[in-house]
Amino acid sequence: MVGGRAPVAPDARGMDEVQLIVTGYALTIARGVLHRAGDIARTVAPAHRYAVIADDTTGGLYGERLAAVLSPTPVIQLRFPPGEASKTRETWSALTDALLDAGCGRDTTIVALGGGVTGDLAGFVAATYLRGVPYLQVPTSLLAMIDSSIGGKTGVDTSHGKNLVGAFHRPAAVIADPELLRTLPAEHVRAGLAEAVKHGVIADASLFDWIASHAAELLAEPDGPLMTECIARAVAIKARVVEADERESGLRKTLNFGHTIGHALERVTSYRLLHGDAVAIGMVVEARAAERVGIAEAGTAVRIAEALRALGLPTTPPEELVPERILAATPSDKKSRAGAVEYALPCRIGEMAGEAQGYGIRLEEEVVSKELGVRS
Ligand code: GLY
């Protein structure tokens with residue numbers, strides 16, 4: 001179980017709307033809540049102008065609808081090409097210049113409309129524009145609803161790795177409308193569910209079992225009531241972790257389970273592997289390594305792999321990637337500091353190991369290398 005002070009506890013079962021307060025801002029999860037985004041924005045982040053930042057795809061789908069509910073406050077729409085390749089200092093710079101060109105002042109509120117890339121990028125623009133302006137997260141992907149829109153991490157990637165330049169900047173609110181998942185491609189639904197599985201592994205064995213046993217329904221109806229329940233339960237875990245350790249000095253590291261290897265896989269595949277797919281593989285590899293060194297209960301990795309397979313997620317690295325290449329892409333900062341890379345590892349489903357070490361556990365490369373080589 002994760003520790004820390006619990007935010008307002010949700011019970012999504014049978015409820016139309018779930019609201020949580022985390023580090024002072026509200027997360028609202030409700031089908032159809034996009035229509036109320038204007039009321040929420042005017043309450044928590046009143047502005048002279050709203051600047052909606054979205055990629056071309058999501059902006060095309062939902063930009064006008066959002067602008068309509070934000071009116072009569074003037075809205076400007078800023079767009080960038082979709083994909084992780086846009087999460088750079090160059091795009092940050094172009095968006096910042098567009099705000100300056102439009103004469104946006106400190107009375108502007110930025111609205112991040114999109115998935116993880118958009119939330120991180122637009123959040124970083126908000127964190128730095130005129131030394132910081134408010135922003136709202138309106139996640140449109142499952143991954144963003146469950147994970148990346150919550151907790152105030154913003155930033156961009158560099159050639160050295162993911163999220164290496166950024167800032168903590170709390171959103172004024174997170175507005176998650178699961179109805180928007182109707183237009184999300186199936187592979188992104190699946191990839192988002194990998195993060196929900198992760199939240200089950202780190203803190204809630206019953207959520208883990210529930211996702212595994214409802215895999216088919218969740219995939220079949222991504223905008224249905226079961227998905228709303230799944231999002232609410234997964235978000236409650238993230239909220240609890242962030243509330244206890246916003247700046248990642250300990251407990252928040254548990255959210256990195258599967259991510260040390262996951263980020264390396266994304267990097268060596270030039271981000272062709274979706275984040276959730278990479279994290280799915282990373283969770284299995286890291287759990288197997290945890291079992292090998294006696295940290296995790298026997299059978300933990302097999303259970304995780306079975307749940308991920310039920311969701312159609314990959315569980316082993318792509319054939320063409322040799323372990324050495326993947327290991328070479330694990331975080332260089334951690335390597336140079338410690339001589340071994342740090343991992344967040346479970347001791348069993350629902351509980352993470354290493355509380356005494358602040359949840360960062362160093363593993364020798366040869367241990368991880370053996371598990372990266374498993375292809376079954
Ligand atoms: N996605 C991991 C975190 O927010 O800390």
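Every number for a ligand or one of its atoms is a count from 1 in the order of the listing. Values in this document were obtained by computation on a predicted structure and should not be read as measured data.
If you check the side chains of Glu195 and His259, you find a donor sitting under 3.5 Å from an acceptor. Judged purely by distance below 3.5 Å, without hydrogens or angles, the side chains of Asp55 and Thr58 pair a donor atom with an acceptor atom.
Enclosure of atom CD in Glu320 by more than 12 non-hydrogen atoms of other residues, nucleotides or ligands within 6.0 angstrom is indicated.
The shortest N or O to N or O distance between Arg252 and ligand 1 is below 3.5 Å. Looking at ligand 1, you won't find any N or O of Asn256 less than 3.5 Å from one of its N or O atoms. Considering both main-chain and side-chain atoms, Asp147 comes within under 3.5 Å of ligand 1 through a nitrogen or oxygen pair.
Paired with Glu246 under the rule salt bridge (charged side-chain N to carboxylate O under 4.0 Å, His left out), one option of Arg252, Arg240, Arg170 passes, and it is Arg170.
The closest approach between any non-hydrogen atom of Lys253 and ligand 1 is not below 4.0 Å.
Listed by atom number, the atoms of ligand 1 under 4.0 Å from Leu255 heavy atoms are 2 (C), 3 (C), 5 (O).
Only the side chain of Lys238 comes within 4.0 Å of ligand 1, counting heavy atoms alone; its backbone N, CA, C and O stay farther away.
The OH atom of Tyr271 lies 4.5 Å from the CG atom of Asp157; values are rounded to the nearest 0.5 Å.
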